[in-house]
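Submitted below is the structure of interest, expressed as structure tokens.
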2 protein chains.
Amino acid sequence: MGQSSGRQGYHHGDARNALAAAAGELLEDVGAVALSLRQVAERAGLSRQAPYNHFDDKEALLAELARAGFERLAAKLRKVASGRSGEEALARVGEAYIGFAQASPALFRLMFARELVDLSRFPAATAASASSFAVLAAVIATMAPKDQVADRSLAAWCLIHGYATLCNETGLESVSKRKTRAEQFAHLFGP
Amino acid sequence: MGQSSGRQGYHHGDARNALAAAAGELLEDVGAVALSLRQVAERAGLSRQAPYNHFDDKEALLAELARAGFERLAAKLRKVASGRSGEEALARVGEAYIGFAQASPALFRLMFARELVDLSRFPAATAASASSFAVLAAVIATMAPKDQVADRSLAAWCLIHGYATLCNETGLESVSKRKTRAEQFAHLFGP
DNA sequence: CCTGATATATTGACAGTGACAACACCGCAA
DNA sequence: TTGCGGTGTTGTCACTGTCAATATATCAGG
């Protein structure tokens, strides 16, 4: 006899996705710290303990959100970089990076805050992160001598990431300047 | 001035400082999220509720830590900048900034993570933060035309902050490269 | 001295939380 | 059939931030 007649039913493979989706929505609403597994479960229409059937613990759920975030970011960067090169490609990549941070501030923070998730424990997330950086490095490779690509890629990433972070975390400056700044930064690495 | 008996006794003005000091130690041990007011109180030798006698809530305590952190940072930057100018001053300031982030990663994170403390609600902390940035801007003013000081200061801050953050949050690269990187970054803003 | 007022300190209580354990149920393979 | 592993649920626990009620120390004014 099913004790709960109301068709709670099995979600088969869906429960994991449903939980991740619910968590993704909650993340932008309340942030990673305030996000509670119980609220995630409720929003997904499952029981209190459901998240533990699909993730080791809260950190593992957050790591999955971060991994998906890096994959989306990498795809976005690849898209704007494709077919372009040099300073213009760099400006577009920078603009997209900043745009991502502004569109999903809580997710962006999660992706770069060791205190919220220690991604070094989650190889899939680290890999997705590396593939985002690879896009940037490929762009720099089109505009710098080979022996300087590594240093310049790192500097470019730091500059763009610093700007995106400071805008998100301290209201450094208005959102509208995004494109101008990206171009200005890209020019620093030009000829 | 009598407490000092076996009784718990009043700390007069000290309780607030004792709590902040205990919180500062705990912060680097467990991070801002895991830091609990109860543990802070216990470490300061006070009761569970003691923090509420001196701070509105947990966020206010963290804000005080952040404020003190910004003041220490500003002092450190002023020290290394004093008597120097141009590219060398910039390299020293950058190195000090990165060094601060590496020496107190949890505090540095707290100072720049809106999710942990929303500093816009705490004017004293915002002011201390601004005075840190002012040191950097002053250095840039010694090496750039007047109409470019604002843009270049911002870019320099983003670059250094991005590097410090990425090193802390993702193990971007080894600590030992700190000085080299600071010089390399400073060179980007040189003649 | 005493007397309140005020700042400080302490314990009691409560709703949420992450996590573990025990138990119920589904589908499938031997 | 039987048994087993994946999935789902409720029971329970220690811990947390915070509010309320209460006690105590210190100080000002009589």
Side-chain angles (χ1 to χ4, degrees), chain A residues 1-23 26-27 29-65 106 110 115-118 121-122, chain B residues 1-23 26-27 29-65 106 110 115-118 121-122:
Chain A
M1 319 276 236
Q3 20 89 322
S4 80
S5 51
R7 183 87 194 93
Q8 191 60 271
Y10 277 16
H11 282 235
H12 300 285
D14 287 5
R16 190 176 207 272
N17 295 333
L19 286 163
L26 264 179
L27 179 64
D29 284 352
V30 304
V33 175
L35 178 146
S36 94
L37 294 182
R38 288 159 128 104
Q39 280 177 27
V40 168
E42 189 180 14
R43 182 177 285 232
L46 297 169
S47 77
R48 234 184 346 159
Q49 193 74 346
Y52 290 97
N53 297 331
H54 302 274
F55 301 93
D56 281 354
D57 52 16
K58 181 178 174 179
E59 197 180 1
L61 210 196
L62 294 179
E64 164 57 21
L65 295 184
L110 178 69
E115 182 154 351
L116 304 179
V117 207
D118 184 0
R121 288 177 40 208
F122 301 89
Chain B
M1 15 234 357
Q3 96 262 9
S4 77
S5 71
R7 242 8 226 130
Q8 191 60 271
Y10 279 18
H11 283 234
H12 298 284
D14 287 5
R16 192 176 206 272
N17 295 334
L19 286 164
L26 263 179
L27 180 65
D29 283 353
V30 304
V33 175
L35 179 146
S36 95
L37 294 182
R38 288 158 129 104
Q39 279 176 26
V40 168
E42 189 180 15
R43 184 179 284 232
L46 297 169
S47 77
R48 229 185 342 158
Q49 194 74 343
Y52 289 96
N53 298 331
H54 302 273
F55 302 93
D56 280 353
D57 52 17
K58 181 178 174 179
E59 197 180 1
L61 210 195
L62 294 180
E64 163 58 19
L65 295 184
L110 178 69
E115 181 154 350
L116 305 178
V117 208
D118 184 0
R121 289 177 40 209
F122 301 89

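In what follows, chains are A, B, ... by sequence order, proteins preceding strands, each numbered from 1. What you see below is based on every heavy atom in this structure, not just the backbone, and it leaves out hydrogens, waters and symmetry mates.
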Please state how far atom CZ in B/R16 lies from atom P in C/dA9, giving the value in whole angstrom units. 12 Å
Rounded to whole Å, CG of B/L26 lies from P of D/dG17 at a distance of 11 Å
Who pairs with B/D118 by side chain to side chain donor-acceptor pair (under 3.5 Å), at least two apart in sequence or on another chain? B/S120
Grab the CG-C1' distance between B/L61 and D/dT16 for me, whole Å please. 15 Å
Atom-pair distance (CZ on B/F55; P on C/dT8), nearest Å: 12 Å
A/N53 CG - C/dA21 C1' separation (whole Å): 13 Å
Can you name the salt bridge (Lys or Arg N to Asp or Glu O under 4.0 Å) partners of A/D57, sequence neighbours left out? none
Please report the distance, rounded to the nearest Å, between CG in A/L46 and P in D/dG6. 19 Å
Just jot down the side chain to side chain donor-acceptor pair (under 3.5 Å) partners of A/E42, sequence neighbours excluded, or say none. none
Between A/H54 and D/dG8, does any side-chain N or O lie under 4.0 Å from OP1 or OP2? yes
Applying side-chain contact (heavy atoms from CB on, under 4.5 Å), can you list everything that pairs with A/F55, at least two apart in sequence or on another chain? A/R16, A/L19, A/A60, A/L61, A/E64
Rounded distance [0.5 Å steps], CZ in B/R38 versus CG in B/L46: 14.5 Å
Treating primed atoms plus P, OP1 and OP2 as sugar-phosphate and everything else as base, which nucleotides of nucleotides 12-20 of chain C get B, S or - for protein heavy atoms under 4.0 Å? BB---BBBB
Applying side chain to side chain donor-acceptor pair (under 3.5 Å), can you list everything that pairs with A/R48, at least two apart in sequence or on another chain? none
